[in-house]
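We name chains A, B, ... by the order of the sequence lines, and we start the count at 1 in each one.
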There are 4 protein chains.
Amino acid sequence: MDARKKLKRKPKQSRSTATVTAIVDAAAQLLLRTDYQSTSTNRIAELAGVSIGSVYQYFADKNEIYDAVLDSYSSRLVTGLRAVTPDPAMGLQETLEALVFSVYSADPDGPLLLRRIRQAPDAHFQEKLQNAKAQIAEFLRGVLIRRPESLDVSDLNLSLRILIDAVEGIFINAPVGQDPRVLARELARLIARYLLAPGPARPRTAG
Amino acid sequence: MDARKKLKRKPKQSRSTATVTAIVDAAAQLLLRTDYQSTSTNRIAELAGVSIGSVYQYFADKNEIYDAVLDSYSSRLVTGLRAVTPDPAMGLQETLEALVFSVYSADPDGPLLLRRIRQAPDAHFQEKLQNAKAQIAEFLRGVLIRRPESLDVSDLNLSLRILIDAVEGIFINAPVGQDPRVLARELARLIARYLLAPGPARPRTAG
Amino acid sequence: MDARKKLKRKPKQSRSTATVTAIVDAAAQLLLRTDYQSTSTNRIAELAGVSIGSVYQYFADKNEIYDAVLDSYSSRLVTGLRAVTPDPAMGLQETLEALVFSVYSADPDGPLLLRRIRQAPDAHFQEKLQNAKAQIAEFLRGVLIRRPESLDVSDLNLSLRILIDAVEGIFINAPVGQDPRVLARELARLIARYLLAPGPARPRTAG
Amino acid sequence: MDARKKLKRKPKQSRSTATVTAIVDAAAQLLLRTDYQSTSTNRIAELAGVSIGSVYQYFADKNEIYDAVLDSYSSRLVTGLRAVTPDPAMGLQETLEALVFSVYSADPDGPLLLRRIRQAPDAHFQEKLQNAKAQIAEFLRGVLIRRPESLDVSDLNLSLRILIDAVEGIFINAPVGQDPRVLARELARLIARYLLAPGPARPRTAG
DNA sequence: TATGAATGAGGATTCATTCAT
DNA sequence: AATGAATGAATCCTCATTCAT
């Protein structure tokens, strides 16, 4: 966003270095183990087995590290979603259940990671997060559009946002011991019922 | 429930009650204006027009200030909810809509405040937040139990938690300009559909 | 020492108030229980069951409280010493043993109290302490002068100071569980041997 | 024994060894010039010509700095003691005199330094000091065991402790102008007489 | 490119002391 | 005389960031 930031980040393309990966992983680890507040750049460097100087060779500032953590998680998540083979025989709720469950499978620590990342200073971060969620919304839209069921929504964009935010809230607050399957079922139900017209013509039961 | 609950030194003169209020308000103000990270105790004192020493006369540490902010908000919120006169003629969705809308009315900044409070270090805070939500869950349970509609849920506790978390997620992420009425309608729909058995005998239209 | 100090201390004579005693006792208590550093004027006031304002009604500043604590201890100590009836039949070592033991009896916590008082800022305090020790030195001189034994010292003042300092060092470092009687015996021996000419004409054994 | 022992981050470049030394020296200087209470970490950093951040790179907290100061002094002191060539022709008192004097030579400010270090909070410090004294006790035991004179003590450990504490007390309270030679002589006499059997066969004059 | 020593502004908190009531 | 709310300088310590090697 600032001209100087771009300057600093010389090896933009070489982001795939082992060093970079080590740093991002270390940041995620520390976030999970402690707190945003306790996760200092020096500690990240230490856990990554890299000097603090090297961290600043690849990241303009601390926020960029968390950007990368978020990017990393959200791409894993989207990949997970895309990997779900959409069985046409399945009902909407079953499909959604499979999708939600895939998010857990992609990274069981995801919800906690997300909660911790939200502790970061709002300023530049909120936007980043919204982008990530927009991606997921797009994916979900694609899934829904391909479904035979007719949706009972007046504004799909609004509904998608509502749903994504709702799911995020539920994920973030899910108790650690919670059975992912139960959660996936409830979430799928929440989503399916919100989207489908209730009433006689229920798509699920043919008669 | 009351902001004066767990104070280090209970204010015995009215002068000091004003001080406590000023501190809690200032903390909330700063949280809304900036960030958790930017909200230092010294800045809180400054905005409250009080010396930093006074802050620590009434609050054992920084966290306790935010506890009070949360307590203050959550009691305003619960009071708002309780003030909604439950018109028996209303359907469930309309009732829920009124309730959700009252939360906005209680404090339009509430959602943002909540988002910022969540930036606080997890350690002792997560529990506090869960308690506040448990209170709301109890209130909601009371409302539902009194309704004529039969609920289609296997585990009401689970459902309540799911719903509260969902609503929190939606609130926290609501864009600033968003029309509260639209939001309230969608939320009410989300909740009502999740809870009620979909099917021919829809409770809304007595057929 | 400062003109303003004297001014502040209006009720110089009323130092015998119950309030004053309570404050001094509380200070000593806290010193024993914790540290000089942890013993704040506010905590003293609290333990004394008195308002902080009252503390400053009787004491110009924190140091004066400790002065009073030291005065109180040292007068108890000297009183204890004076109370020892000097049995003329006793040898020097036995007499010294009784004296040293009386110091313990006067206040078993004395040594610890002294160690803690020594943590106070040097500036104005060192002098106070030297005065207290000079008093004890004078007392000891009186005892020695009345003894039949001839002392083998070149400079009695120097020797007295050496001894008092030595005893202080031993007291201050005495482990908590230490048997006072053993300590008294060793100290008496240390003092007696230091003062008396060693050699054939030992006063203790007549033949 | 070495000041670099328990450091937070071991200095790997010579630059940083200098930093550590500067910090420890500055701390000792300030302790001597003022007080424990006036010796803040920021002032130490300033006098050391180093940033406060650097102080905390090498020392986990304020206490560790004083640990290092004490270590540094006590190792200088023990080195000084060991350097005293034990002339077999000397009597016990002369030997002790030489030893005591060497302590002064090792660092004439030692006694004052010790007094100031004792102002530190008790908690973790008392132990440290006892360890240092135990070391000196061991050294003294070694010296005594090699002497021809037979000692008149029932419990050598107790006697050693008594003596070390006595000497500490005397050192700590020695007036600044005091002639070290006089002091050394008196101390040697105190120790020698306490340890040796008084009686006809005085070791000093062979007769 | 990598290192890690150094920086110093800023943060949370304490505490002796004052003064209006 | 007593109270206790209020003060604010000062303290210890952290951490993102820089830069000489």
Side-chain angles (χ1 to χ4, degrees), chain A residues 8 10-11 14 17 19 37-46 50-65, chain B residues 9-20 37-46 49-63 65, chain C residues 8 10-11 14 17 19 37-46 50-65, chain D residues 9-20 37-46 49-63 65:
Chain A
K8 176 87 184 213
K10 274 182 213 161
S14 65
T17 317
T19 301
Q37 349 278 325
S38 311
T39 303
S40 72
T41 51
N42 279 285
R43 269 197 267 276
I44 293 171
E46 192 188 21
V50 157
S51 75
I52 180 64
S54 290
V55 170
Y56 280 87
Q57 207 99 43
Y58 292 103
F59 298 92
D61 59 20
K62 202 194 179 192
N63 281 327
E64 278 205 355
I65 305 177
Chain B
R9 181 181 294 193
K10 267 174 288 190
K12 290 174 186 171
Q13 305 181 8
S14 68
R15 187 170 30 145
S16 49
T17 312
T19 301
V20 170
Q37 348 278 325
S38 310
T39 303
S40 72
T41 52
N42 280 287
R43 265 199 269 273
I44 292 171
E46 193 185 21
V50 152
S51 76
I52 180 63
S54 289
V55 171
Y56 283 90
Q57 291 248 330
Y58 298 106
F59 299 92
D61 59 20
K62 203 193 179 193
N63 281 328
I65 307 178
Chain C
K8 177 85 184 214
K10 274 181 211 161
S14 64
T17 316
T19 302
Q37 350 278 325
S38 312
T39 302
S40 71
T41 51
N42 280 286
R43 269 197 268 274
I44 292 172
E46 191 188 21
V50 157
S51 76
I52 181 66
S54 291
V55 170
Y56 281 86
Q57 207 99 44
Y58 293 104
F59 298 92
D61 60 19
K62 202 194 180 195
N63 281 327
E64 277 205 357
I65 306 177
Chain D
R9 180 182 294 192
K10 267 174 289 190
K12 289 174 184 169
Q13 305 181 7
S14 67
R15 187 169 32 145
S16 50
T17 312
T19 300
V20 170
Q37 347 278 324
S38 311
T39 303
S40 71
T41 50
N42 281 288
R43 265 198 269 275
I44 291 172
E46 192 187 19
V50 153
S51 76
I52 181 62
S54 289
V55 170
Y56 284 90
Q57 290 251 331
Y58 297 107
F59 299 93
D61 60 21
K62 204 194 177 193
N63 281 328
I65 307 178

Touch class at under 4.0 angstrom, heavy-atom based, for V50(D) against every strand present: sugar-phosphate

Nearest-nucleotide pick for D61(B), side chain only, options being dA2(F), dT13(E), dT17(E): dT13(E)

Smallest separation among heavy atoms of K62(C) and T41(C), with atom names: CG-CG2, 3.6 Å

For S51(A), side chain to side chain donor-acceptor pair (under 3.5 Å) partners two or more places apart: S54(A)

side-chain contact (heavy atoms from CB on, under 4.5 Å) involving D61(B) - partner list, sequence neighbours excluded: N63(B), E64(B)

What are the atom names and distances for every N/O pair under 3.5 Å that joins the protein to nucleotides 8-11 of chain E?
{"residue": "dG8(E)", "atom": "N7", "partner": "G53(D)", "partner atom": "N", "Å": "3.3"}
{"residue": "dG11(E)", "atom": "OP1", "partner": "R43(B)", "partner atom": "NH2", "Å": "2.9"}

Side-chain-base donor-acceptor pair under 3.5 Å for Q57(B) and dA6(F): yes

Test side-chain contact (heavy atoms from CB on, under 4.5 Å) applied to E46(A) - qualifying residues, sequence neighbours left out: R43(A)

Separation of atom CZ in F59(A) from atom P in dC15(F), rounded to whole Å: 20 Å

Any Y58(A) side-chain heavy atom under 4.5 Å of I65(A) side chain: no

dT17(E) phosphate, OP1 or OP2, under 4.0 Å from Y56(C) side-chain N/O: yes

Contiguous Watson-Crick or G-U pair runs (3 or more, under 3.5 Å) in DNA chain E: E:2-21 with F:2-21

Residues that N42(B) engages under side-chain contact (heavy atoms from CB on, under 4.5 Å), provided they are two or more places apart: S40(B), I52(B)

